[in-house]
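Since the structure comes first, as structure tokens, the remarks are kept for the end.
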Amino acid sequence: MLPLQFTKDPLPEAVTTDFQNLNKFTEQQFASLTETVYQFLLQPKETDRFLTQLNEFAGENGMSAGPLRSLVKSILLLPHGALKKNLTAEQVKEDLLNLGVDENKATHFSNQWKANYAVLSRVAVGQTLMVNQLVDMEWKFGVTVGSSEIQKTGNIFLQLKLIIRKGNSTENVYMELTLPQFYNFLHEMERAKSAMDCFS
């Protein structure tokens with residue numbers, strides 16, 4: 001199989017088989033399933049409605065709900081990965097073709113991706129910012145003066161206490177970083193800040 005763009009990791013064989021099983025769907029079934037999947041991606045909090053729609057789809061098409069849920073779970077890996085990697089509709093189509101999905105179905109799915117991409121990006125950013133809102137941060141630098149390993153003495157470390165809002169409560173998250181890890185963390189935080197500045 002050619003390398004995929006939405007993930008660096010090799011996919012389990014069951015996931016690849018799920019994508020190939022999409023070829024067994026009629027065009028109408030595939031269009032209906034794709035619409036259901038994109039509705040869920042656009043409104044991820046509507047889990048109950050999504051599961052109800054999947055059960056209805058399974059009933060209408062003489063399928064078992066369990067295997068259909070498993071198949072949809074595999075399908076969702078692609079849009080989630082594609083959002084993280086900022087893939088174009090053409091790249092999504094390429095990945096589907098590389099996974100063995102036929103041309104018409106890959107084109108239909110990628111056209112839906114193109115039509116919904118802007119909203120999907122906003123939803124993903126909104127979820128990320130809502131899930132892990134940083135309220136406050138405390139830090140302390142230290143130097144290791146005693147250790148059972150001689151190489152560890154004299155190492156600089158940083159202890160961080162992150163206060164994160166989760167729903168109506170806050171949670172303390174503690175981390176200890178070496179100096180290189182701290183610089184990497186700082187770089188990521190600066191990137192996150194610049195990304196947030198673009199959206200405000």
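Along the sequence shown, residues are numbered consecutively beginning with 1.
- Rounding to the nearest 0.5 Å places CD of Gln28 at 7.5 Å from OG of Ser32.
- A donor-acceptor pair under 3.5 Å is absent between the side-chain atoms of Ser169 and the main chain of Arg165, judged by distance alone.
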Name the atoms and distances for all side-chain donor-acceptor pairs under 3.5 Å in residues 57-75, with sequence neighbours left out.
from	atom 1	to	atom 2	distance (Å)
Asn61	OD1	Gln29	NE2	2.9
Asn61	ND2	Phe57	O	2.8
Arg69	NH2	Asn55	OD1	3.1
Ser74	OG	Asp18	OD2	2.6
Ser74	OG	Ser70	O	3.3

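- Val135 belongs to a hydrophobic cluster whose remaining members, ordered by chain and number, are Ile163; membership requires side-chain heavy atoms of ILVMFWY residues under 4.5 Å apart, directly or through intermediates.
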All N/O donor-acceptor pairs, side-chain side in residues 89-97, below 3.5 Å, sequence neighbours left out:
from	atom 1	to	atom 2	distance (Å)
Gln91	OE1	Thr88	N	2.8
Gln91	OE1	Thr88	OG1	3.3
Gln91	NE2	Gln5	OE1	3.1
Lys93	NZ	Glu103	OE2	2.9
Lys93	NZ	Thr107	OG1	3.2
Glu94	OE1	Gln5	NE2	3.2
Asp95	OD1	Gln5	N	2.9
Asp95	OD2	Gln5	N	3.0
Asp95	OD2	Phe6	N	2.9

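- Considering CG of Leu77 and CG of Leu11, their distance stands at 7.0 Å, rounded to 0.5 Å.
- Connection of Leu87 to Leu83 is established within a shared hydrophobic cluster, with ILVMFWY side chains joined at heavy-atom distances below 4.5 Å, either directly or through further cluster members.
- At least one side-chain heavy atom of His108 sits under 4.5 Å from a side-chain heavy atom of Phe30.
- Distance check, rounded to the nearest 0.5 Å: CD of Gln159 to NZ of Lys161 gives 12.0 Å.
- There is a path of hydrophobic side-chain contacts, each under 4.5 Å, that joins Leu134 to Leu158.
- For Glu27, the salt bridge (charged side-chain N to carboxylate O under 4.0 Å, His left out) test picks out Lys105, with sequence neighbours left out.
- Between the side chains of Gln20 and Thr17, no donor-acceptor pair is found at a separation under 3.5 Å.
- Sorted by first and then second residue, the ring-ring contact (aromatic ring centres under 6.0 Å, His included) pairs involving residues 34-56 (not counting sequence neighbours) are Tyr38-Phe109, Phe40-Phe50.
- The backbone N or O of Asp102 lies less than 3.5 Å from a partner atom in the side chain of Asn23, making a donor-acceptor pair.
- A ring-ring contact (aromatic ring centres under 6.0 Å, His included) check over residues 71-98, counting only residues at least two apart or in different chains, returns nothing.
- The side-chain contact (heavy atoms from CB on, under 4.5 Å) test with Leu99 singles out one residue from Leu22, Val15, Leu78, and that residue is Leu78.
- Atom CE of Met137 sits about 8.5 Å away from atom CE of Met175, to the nearest 0.5 Å.
- Checked against side-chain contact (heavy atoms from CB on, under 4.5 Å), Tyr183 has the following partners two or more places apart in sequence or in another chain: Leu179.
- Here Lys24 pairs with nothing under the salt bridge (charged side-chain N to carboxylate O under 4.0 Å, His left out) rule; sequence neighbours left out.
- Glu188 meets the salt bridge (charged side-chain N to carboxylate O under 4.0 Å, His left out) test with Arg191; sequence neighbours excluded.
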**Q.** Lys85 vs Lys8, side chain to side chain contact (heavy atoms under 4.5 Å, CB included): CA-CA, chis, key distance, verdict
**A.** CA-CA 10 Å; Lys85 305 266 184 182; Lys8 290 181 285 186; 3.7 Å; yes
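- Residues satisfying the side chain to side chain donor-acceptor pair (under 3.5 Å) criterion with Glu56, sequence neighbours excluded, are absent altogether.
- Here CG of Leu4 is found 6.0 Å from CG of Asn98. Values are rounded to the nearest 0.5 Å.
- Residues Leu76 and Leu54 share a single hydrophobic cluster, defined by chaining ILVMFWY side chains whose heavy atoms lie under 4.5 Å apart.
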Q | Worked check of side chain to side chain contact (heavy atoms under 4.5 Å, CB included) between Asn155 and Val143 | A | CA-CA 6 Å; Asn155 281 354; Val143 178; over 6 Å; no
Q: Kindly determine whether Thr178 and Gln181 satisfy side chain to side chain donor-acceptor pair (under 3.5 Å), including the steps that lead there.
A: CA-CA 5 Å; Thr178 63; Gln181 287 173 326; 3.3 Å; yes
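- Checked against ring-ring contact (aromatic ring centres under 6.0 Å, His included), Phe141 has the following partners two or more places apart in sequence or in another chain: Trp139, Phe182.
- Every side chain to side chain donor-acceptor pair (under 3.5 Å) that Lys193 has, sequence neighbours left out, goes to Asp197.
- For Asp48, the CG atom is loosely surrounded, since the number of other residues' heavy atoms within 6.0 Å does not exceed 12.
- Distance check: Thr36 OG1 to Leu51 CG gives 11.5 Å after rounding to the nearest 0.5 Å.
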